[in-house]
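Heads up: the structure comes next, in structure tokens.
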Amino acid sequence: MKLNEIRDNDGATKNRMRVGRGIGSGKGKTAGRGVKGQKARSGVAIKGFEGGQMPLHRRLPKRGFNNPGATDLNEVNVGRIQQAVDAGRLDASAPVTVEALHAAGVVARVRDGVKILGVGELTAKLTFEVARASKSAVAAIEKAGGSVTQSLAAADDAVASA
């Protein structure tokens, strides 16, 4: 086989339809566009237009509220953190932060921070520097001899009391 003999398999490629090339081609005259009107022209932009009737997306009521101040947190259980410590991916002597959890593969991507939840057993003595922690998680961490520093919880309390 030579370079000049290389070609696609039979049926792998299909010639494009040349439209507007006479009535004998089957796609002549109006080139498959029907006749007249806005859709027969190029540059048609009428998606969602219902002929003057109020479009569906404007007839339906608006729902919900998009909070611009919401925090998008990673939620991690203490049992999952213990698995990472047991596997040697998480250093027990260093503080547990969202960056450390990301490096250990516990969280897929760093968002606004991490919230520690209390599902599972924690036996390692760890120092946590996280955005939030549930009461059960704080209890589990302190029971294992560790400590928790929460950064967003204090800010939330200040906002709630104001």
task: May I have the step-by-step check of side chain to side chain contact (heavy atoms under 4.5 Å, CB included) for V138 and Q150, ending in yes or no?
output: CA-CA 10 Å; V138 171; Q150 299 181 51; 3.9 Å; yes
Qualifying residues under salt bridge (charged side-chain N to carboxylate O under 4.0 Å, His left out), relative to R16, sequence neighbours excluded: none
field: Non-hydrogen atoms of F49 and G52 that approach each other most closely
entry: CZ-N, 3.4 Å
Would you list the atom pairs, donor with acceptor, under 3.5 Å between side chains in residues 54-62 and any protein atom, with sequence neighbours excluded?
unit_1 : atom_1 : unit_2 : atom_2 : d
R59    : NH1    : E50    : OE1    : 3.0
R59    : NH1    : M54    : O      : 2.3

query: How far apart are the closest heavy atoms of A100 and P95, and which atoms are they?
result: CB-O, 4.2 Å
message: Hydrophobic cluster membership, with links at side-chain heavy-atom distances under 4.5 Å among I/L/V/M/F/W/Y: are L73 and V78 in one?
response: no
- request: May I ask you to check whether over 12 heavy atoms, not counting those of N15, lie within 6.0 Å of atom CG?
  value: no
task: Give, for atom OG1 of T71 and atom CZ of R132, the distance between the pair rounded to the nearest 0.5 Å.
output: 4.0 Å
task: Nearest 0.5 Å please: distance from the CZ atom of R33 over to the CZ atom of R41.
output: 10.0 Å
Sequence neighbours left out, cut at 3.5 Å: what donor-acceptor pairs do the side chains of residues 105-128 make with other protein atoms?
unit_1 : atom_1 : unit_2 : atom_2 : d
D112   : OD2    : D72    : N      : 2.7
T123   : OG1    : Q82    : OE1    : 3.3
T123   : OG1    : Q82    : NE2    : 3.1

